[in-house]
> 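Let me begin by handing over the structure; questions about it come next.
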Amino acid sequence: MKTNSSLFISGGSGSFGAMAIPLSAARGLKVITSGGVEAKERTLALGADRIFDYRTEDYTEHLRDVDGAIDSLGDKELPRLFSILRQGATVVSLRGMPNGSFAKTFGLPLWKQWLFKLVGLKNERMAARKGQKYHFLFVTSDGKQLQRAASILEKCNVRSAVGNVYLLEQAEEALRDVAAGSKKGKVIIKL
Ligand SMILES: NC(=O)c1ccc[n+]([C@@H]2O[C@H](COP(=O)([O-])OP(=O)(O)OC[C@H]3O[C@@H](n4cnc5c(N)ncnc54)[C@H](OP(=O)(O)O)[C@@H]3O)[C@@H](O)[C@H]2O)c1
């Protein structure tokens, strides 16, 4: 995306947003997000221009012609997200249905590519109505990208929210914590 373009991140008040917001702002993007109000100050300090409290505000009533979006909430949120984007804009979802192009890029076997093509059709059709595009992303590790991200995060002095810390032998307990939706931050297993 070009400098000064607008980017909407759904659910940006969590740990994904804590990384995505400063990285996007450092690229010169105008970042708008939705999320929990408790994280408002922290989210603005990370570089977001505005955060909509999802419990009390409806961003679709305020935003139009946004240049792009990253979605961390999934299929239920996608119609609302597409409605605020300009013609031709792209949504990258971390939680929506995977689609055919994801399966191909990910190198899945042909039968799985067809399967994902089918399940991803709904979101692709929704996007196509305004010439928009839908992509599903599954994060993979890429050394070069991580190095670039690390130097931006260091410059911005970003600290991830850390929740409970466990020893390796407490891994089961740690997983139960994650499954229960630990709200304090990333659950850490110390090696
Ligand atoms: N595909 C991938 O490779 C990939 C990579 C990273 C993450 N993800 C997925 O992305 C999602 C988010 O990850 P995360 O680590 O950021 O989770 P997280 O730390 O739990 O954060 C989620 C945030 O979303 C907020 N939220 C909940 N419902 C909302 C709504 N309707 N509208 C706006 N905000 C809402 C929450 O606020 P409250 O706490 O106040 O409710 C919380 O601040 C997860 O489902 C994760 O699995 C996928």
Side-chain angles (χ1 to χ4, degrees), residues 6-25 31-63 66 68-85 90-108 112 116 119-120 123-124 133-143 145-146 149-150 152-153 156 158-166 174-189:
S6 48
L7 173 72
F8 184 81
I9 300 179
S10 64
S13 55
S15 33
F16 167 70
M19 298 294 149
I21 291 171
L23 287 171
S24 309
V31 184
I32 310 155
T33 189
S34 62
V37 75
E38 304 84 49
K40 186 172 180 179
E41 295 311 317
R42 179 170 52 82
T43 307
L44 294 176
L46 287 170
D49 280 53
R50 179 160 183 190
I51 171 166
F52 288 89
D53 173 8
Y54 78 92
R55 292 183 179 92
T56 60
E57 292 174 291
D58 181 358
Y59 64 82
T60 64
E61 288 173 6
H62 301 273
L63 301 174
V66 175
I70 305 178
D71 162 57
S72 76
L73 297 174
D75 286 352
K76 257 174 122 180
E77 191 69 12
L78 287 171
R80 290 159 46 72
L81 215 50
F82 279 116
S83 77
I84 63 161
L85 295 186
T90 297
V91 170
V92 175
S93 181
L94 301 174
R95 208 176 163 185
M97 272 295 169
N99 60 355
S101 63
F102 157 75
K104 197 170 175 187
T105 317
F106 216 66
L108 297 182
K112 280 194 182 165
F116 281 123
V119 295
N123 291 334
E124 283 176 1
K133 289 179 204 73
Y134 171 80
H135 292 291
F136 173 80
L137 180 81
F138 188 74
V139 176
T140 50
S141 48
D142 174 330
Q145 258 183 11
L146 281 174
I152 295 173
L153 294 172
C156 306
V158 174
R159 300 253 172 271
S160 185
V162 175
N164 295 327
V165 181
Y166 297 90
L175 290 173
R176 273 199 296 273
D177 194 358
V178 173
S182 170
K183 290 252 168 186
K184 289 200 288 186
K186 290 290 180 197
V187 172
I188 308 287
I189 297 183

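Counting starts at 1 for both ligands and their atoms, in listed order. Quantities reported herein were computed from a predicted structural model and do not represent experimental measurements.
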> Taking non-hydrogen atoms only, is Arg55 closer than 4.0 angstrom to ligand 1 via side chain, backbone, both or neither?
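For Arg55, the contact with ligand 1 is made by the side chain alone.
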
> Given side-chain contact (heavy atoms from CB on, under 4.5 Å), test Thr33 with Phe52 step by step and report yes or no.
CA-CA 6 Å; Thr33 189; Phe52 288 89; over 6 Å; no

> Please check whether Gly17 reaches ligand 1 - meaning an N/O of the residue sits under 3.5 Å from an N/O of the ligand, judged on distance alone.
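So ligand 1 has no N or O lying under 3.5 Å from an N or O of Gly17.
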
> Say whether Asn123 and Asp75, considering side chains only, have a donor N or O and an acceptor N or O under 3.5 Å apart.
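Yes, Asp75 and Asn123 have a side-chain donor paired with an acceptor closer than 3.5 Å.
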
> Any idea which part of Leu73 is under 4.0 Å from ligand 1, heavy-atom wise: side chain, backbone, both or neither?
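Answer for Leu73: side chain.
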
> List the steps and the verdict of side-chain contact (heavy atoms from CB on, under 4.5 Å) for Leu94 and Phe138.
CA-CA 6 Å; Leu94 301 174; Phe138 188 74; over 6 Å; no

> Any side-chain heavy atom of Asp53 within less than 4.5 Å of one from Lys40?
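Not touching, per the 4.5 Å side-chain cut-off.
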
> Apply side-chain contact (heavy atoms from CB on, under 4.5 Å) to Arg80 and list each qualifying residue two or more places apart in sequence or on a separate chain.
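Once residues adjacent in sequence are excluded, the partners of Arg80 under the side-chain contact (heavy atoms from CB on, under 4.5 Å) criterion are Asp58, Tyr59, Thr60, Glu77.
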
> Does any N/O atom on Leu94 come nearer than 3.5 Å to any N/O atom on ligand 1?
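Looking only at distances, the answer is yes, because the N/O contact criterion of under 3.5 Å is met.
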
> Return a yes/no value for Glu77: is any of its N or O atoms, backbone included, closer than 3.5 angstrom to an N or O of ligand 1?
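N/O-N/O distance below 3.5 Å does not exist for this pair.
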
> Nearest non-hydrogen atom to atom 36 (C) of ligand 1 belongs to which of Ser10, Ser13, Gly14?
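Looking at heavy atoms only, the winner is Ser13.
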
> Can a non-hydrogen atom of Gly35 be found less than 4.0 Å from any atom of ligand 1?
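Heavy atoms of Gly35 do come under 4.0 Å of ligand 1.
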
> Check the orientation of Phe82 and Tyr134. Use parallel for under 30°, tilted for 30 to 60°, and perpendicular for over 60°.
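Plane angle between 30° and 60°, so tilted.
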
> Can you find an N/O atom of Val139 closer than 3.5 Å to an N/O atom of ligand 1?
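Yes, Val139 has an N/O under 3.5 Å of an N/O on ligand 1.
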
> Which bit of Tyr54 is near ligand 1, meaning a heavy atom under 4.0 Å away: side chain, backbone, both or neither?
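Only the side chain of Tyr54 comes within reach of ligand 1.
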
> Please output the side-chain donor-acceptor pairs of residues 11-25 that fall under 3.5 Å, not counting sequence neighbours, one pair per line with the distance.
residue : atom : partner : partner atom : Å
Ser13   : OG   : Gly36   : N            : 2.9
Ser15   : OG   : Lys186  : NZ           : 3.2
Ser24   : OG   : Ala20   : O            : 2.6

> Can you list the atoms of ligand 1 that are under 4.0 Å from a heavy atom of Arg95?
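Those qualifying, in numeric order: 45 (O).
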
> How does Glu38 reach ligand 1, if at all, at less than 4.0 Å between non-hydrogen atoms: by side chain, backbone, both, or neither?
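Contact part for Glu38 vs ligand 1: side chain (C-beta onward).
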
> Is a side-chain N or O of Ser6 found less than 3.5 angstrom from the main chain of Val66, in a donor-acceptor match?
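Not confirmed, Ser6 side chain does not pair with Val66 backbone.
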
> Is Lys186 touching ligand 1 with its side chain, its backbone, both, or neither, if touching means heavy atoms under 4.0 Å apart?
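Near ligand 1, Lys186 shows its side chain, while the N, CA, C and O stay back.
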
